[in-house]
Each structure stands twice: as C-alpha cells, then as structure tokens.
Amino acid sequence: MSQKSTKYIFVTGGVASSLGKGIISASLAKLLQARGHSVTIQKLDPYLNVDPGTLNPYEHGECYVTEDGAETDLDLGHYERFLNVATSQANNVTTGRIYQSVISKERKGAYLGKTVQVIPHITNEIKEHVQILGNTGMYEFIVTEIGGTVGDIESLPFIESARQLKWEHPDDVLVIHLTLLPYLATSGEIKTKPTQHSVQKLREYGIQPDILVCRTEREIEQEIKEKIARFCNVSVEAVIESIDAETIYEVPLLMEKEKLDQVVLKMLNIPIVNEPNLTAWKGFLSNLKSPKKTVEIGLVGKYVELKDAYKSIAEAFVHAGASLNCQVELKWIHSESLEENNLEGHLSGLSGILVAPGFGTRGIEGKIKAVKYARENNIPFLGICLGMQVAVIEYARNVLGWEGAHTVEIDPKTSYPVIDMMEEQKNIVKMGGTMRLGAFKCKLKEDSKIFDAYGQKDITERHRHRYEFNSKFRSQFEESGMIATGVNPDNGLVEVVEIPTHRYFVGVQFHPEYKSTVENPHALFKSFITAAVTVKEEKLTMA
Ligand code: GLN
C-alpha cells in the first residue's frame, strides 16, 4: 500500500432520496481504482432489519448476495459490478445489526454496569464496523455510503459517527454530500436553495461537507458553482456537477471530467501520479452504445412492475450483451398474467425466455406455463433458482405425467415432491439469514450446454434458497431426458438441469447474475444470449 493510513470517504445525501448515492460512490471508487489504488465500498443502511434478507422486494428491491453469504442491499451489486472486486458481510451494515450487536454485548455484561446509550455505545459500534474494512490492511480507501437523506431521524447515529471519525482523524476522513439542483421551468432557472438548506442541516449535525456533488438535469454554469461554493463553505472546484446520464455506466467518466477523483486526492494530500486507466471500461461503454444487433428476451417474474427486484439479472444482460455487441431488449412479463390462451401473444415473438428467482405461490403457475411454452417451442430457456425449480416441476407434470408434482414450498402434501426442502433446513425456525447462502462449489458434466458456457468443470456460484431438486427422482428425470449437468461435489445436490434434446434449456439453482461485472461479463448469460441470437437469425432467414 502506497499511503500510510486508510482514508475514509463518507457519501451522504440531501434534498431528495434516489439521487444515486450508490452510483456516485461506485463511480468515485472506480476512478480511484483506475488510478491504481485499492478501494472498497460500504453501505450503511438506517433501517432496523438486521439485513434485507427478510424484506419483500416491494420494500427494498433485490436482495443481493455476497460470496460469504451475506444478504445485502442491492447497492452492493453496483459496487461489485463497477469495481469487479467481491464484497462481503462487512460491506453492508444496518442499524438493526448495530443494535443487535450492542444489545448482545450488553446481555453479556460487556459494558461493565454502564448505562448503554446511543452516544457513545451505538456510535462506537458503528465506527468499529466502518473501520473493519480499513483494519484489514487491504484497502487504501473505504468509500462509505450512508443510506437515507440527511435530516431523517433514522440515519442520525450514522451521521454522528462520521462526524466523530472526521474529528478524530481530520486528515483521513472526507465527506461528500450529494444534493439535487432542481430546474424550475417557469422561471427558467436552476435553484440552489435546497442544496444550501441541506448543507445547513448537515452543519447543524456538526459536519461541514468537503465536496458537493450536485445532481442536475441541465449543465450548471460556473456562476452557479461559485454561488453554491460561497453559500455552502466549500471550494469552487469541490462543487461537482452530476448531470443525468444515459446509463449508470457513464457516470465514472462524467465524474472524471468533473475531476471528482482529483479533488478527493488533493484534499487527502495524496499525490496524483498518473491518469486513471479506464481502457476496459471505455471499451465496454462503446460496445454498449453502438450494438451491432438486438435480441428480445422475456423475463418472467412476479415483481416486473418493480424492475429493481431483478436488478442484477438486468445488469448481467447489459454486460454480457455489450461483450457480444448485442443489445438485449428485456420484455418484462408478469407471471400472474400468463394464461393458456395468451401465451402465444406474450411469448411467441421472443428469442429467449428467462424465468426469474422468487418465493411463494403468487404467479407460480404462470411461470410453469412459460417454461412449458419455451420447452415445447424450442425457445432458449434459462431458469434461475425458482426458475430452475419450476422447470423441474413442469417436466414432472407434463413429460413424466406426474399430476400435481410440485415444490413442497407451495404444496407440502404433493405426491410428487420433486423440489423438496433441503435436509439442513428442516429444523430451522428463524427466518433471517438461514437459507443456503453464498458461494458453493459445483461440478459440471462435460458435454453439456453449461460446460460449453463456462469452459471448465469446476465452478463456484452464489446461492439463496431453502429448497432443492429431490435427488430421489433423479434417475426417472434422467431416463426421460432431463439431465443433472451440475452437482455440488460435497453433498451431491443437483445445481443444474438441462434437456439435451432442446436447443438450449438450462436451469440453475444458483444465481449467476450476482457475479456478472462490467469487466467480467458472465459466461452463462453470454451463452444464453448467443443461443437467443441464433434463434432470431434463423427466424430472419426463414422470413
Ligand atoms: N423459493 C425457492 C427456495 O427457497 C427459490 C429461491 C430463489 O429463487 N431465490 O428454494
């Protein structure tokens, strides 16, 4: 490591939520990484859930899963996609986790009779969690995104902890505040007052931000930057414009243009030695922006009105598509709306069908119908987690003729429990953090689509499920044409199923989407898109 101490950069948000703190944090981290620094990003979430694993996607979008099995905020997905470096349990900390830890220490008597209080006990706990990553010695920079908006009651202890850290280590801590500059069409002006007020609020809490990143629909003039600098007590080069971008992947380049990374390095007294190396990133962006072909793939799920619920899948298509010079147009299909008489209308034009992960009964029969349609019409199919499980159910019902075959998650009394609860899950009563989570090994069978995709036999992929393919029925499936082509070498769990007679029919119990990054698009998504492109091209030659 070239620098003496780890630097901590906090990113707070003001004026409105959803301004894209995660993307700004990831973009800054990318630029620092591209300059040769080691960086990681952390998210502090103000809610009381210990982790988002028990949250419904309607509440909080997708639950992202790390290699070490943490169920985390979807922003960690952005961090990994931008940095191409794995995150871990330590990269996402919620208020719930902090309180859980403080309360369990209190029960053990660890506070030696003291009154346990928000300050110092909760704030100390937060500071420790922030510094866990720094103390590994692996990173020169920790970018810590504080969830919520400044002024919220909930995020106060996090803000207070940032204030204390900055006070304790003035040379090692920076605060970047992300705000919004609204444009008022009636007066034709960009307004700075909300930003001024939000910085005032932060100052009330004892934090003078070092840098302001201002979200705006329109370019901001130097004059506006000067005004913001004057009112908010920051230097004018530390007022950074963040104009709306066509894609999130452009934001690092926009931040580079605004010199966000240089301002950060200067303020932390770190010499600027070279230009950021963004060759791979720029190559990806140029492919993304000028695709040579397009292909339409259907994503069948039950949360399609909420695209964040399938964030990693959508982004995996973006990465893999760009690497193949192909723009994947995702058609979002609500599984509840699929009926026998409208399947043709919804699915016939597609070159590929993906059935998404999920939990519970709602929309499951629609997913099964979508699988049937893909199987019978030789349309490339990829099933992920529940998507793989419904592929097995569909095969059992419609090929093996096992009426009522099901997963015991939905029909515990089915006479054909083709998807059964994993042995290790049977005695679990607590819901949070108890699924089969994180990375597990899988051995692939040569002479399969999945092996062709990965080009190797031994892989590891991340998991998040309680139910599994019931190996009791494996030989009957295999005799009738659905083959287990990937199996966990340690416990024999079936992780991948395929129908070799179909042009491309793959179901995976794991989540390949979590490992797809800009600089490392996922092999399975690439092979699925390639199969879909072939279908489209065949259709075009036939027409
Ligand atoms: N509900 C299924 C299970 O728990 C699938 C989970 C998923 O799709 N992530 O096994």
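Counting convention: from 1, in listed order, for ligands and their atoms alike. For clarity, every value in this text was computed on a predicted model and none was experimentally measured.
- Sorted by first and then second residue, the ring pair (Phe, Tyr, Trp, His ring centres under 6.0 Å) pairs with a member in residues 40-72 read Tyr47-His60, Tyr58-Tyr303, Tyr64-Tyr514; sequence neighbours excluded.
- At a heavy-atom cutoff of 4.0 Å, ligand 1 is surrounded by Pro357, Gly358, Phe359, Cys385, Leu386, Gln389, Glu409, Arg464, His465, Arg466, Tyr467, His511.
- Both the sub-6.0 Å distance and the 45° axial angle are satisfied by Arg436 relative to the ring of Phe440.
- Checked by atom type, the side-chain pair Asn91/Thr40 shows a donor-acceptor distance below 3.5 Å.
- Separation of atoms OG1 (Thr361) and CD1 (Ile410) is listed at 4.5 Å; rounding is to 0.5 Å.
- Atoms CD1 and NE2, from Ile384 and His511 in turn, are 7.5 Å apart once rounded to the nearest 0.5 Å.
- Remark: Glu394 engages Arg375 in a salt bridge, criterion side-chain N to carboxylate O under 4.0 Å.
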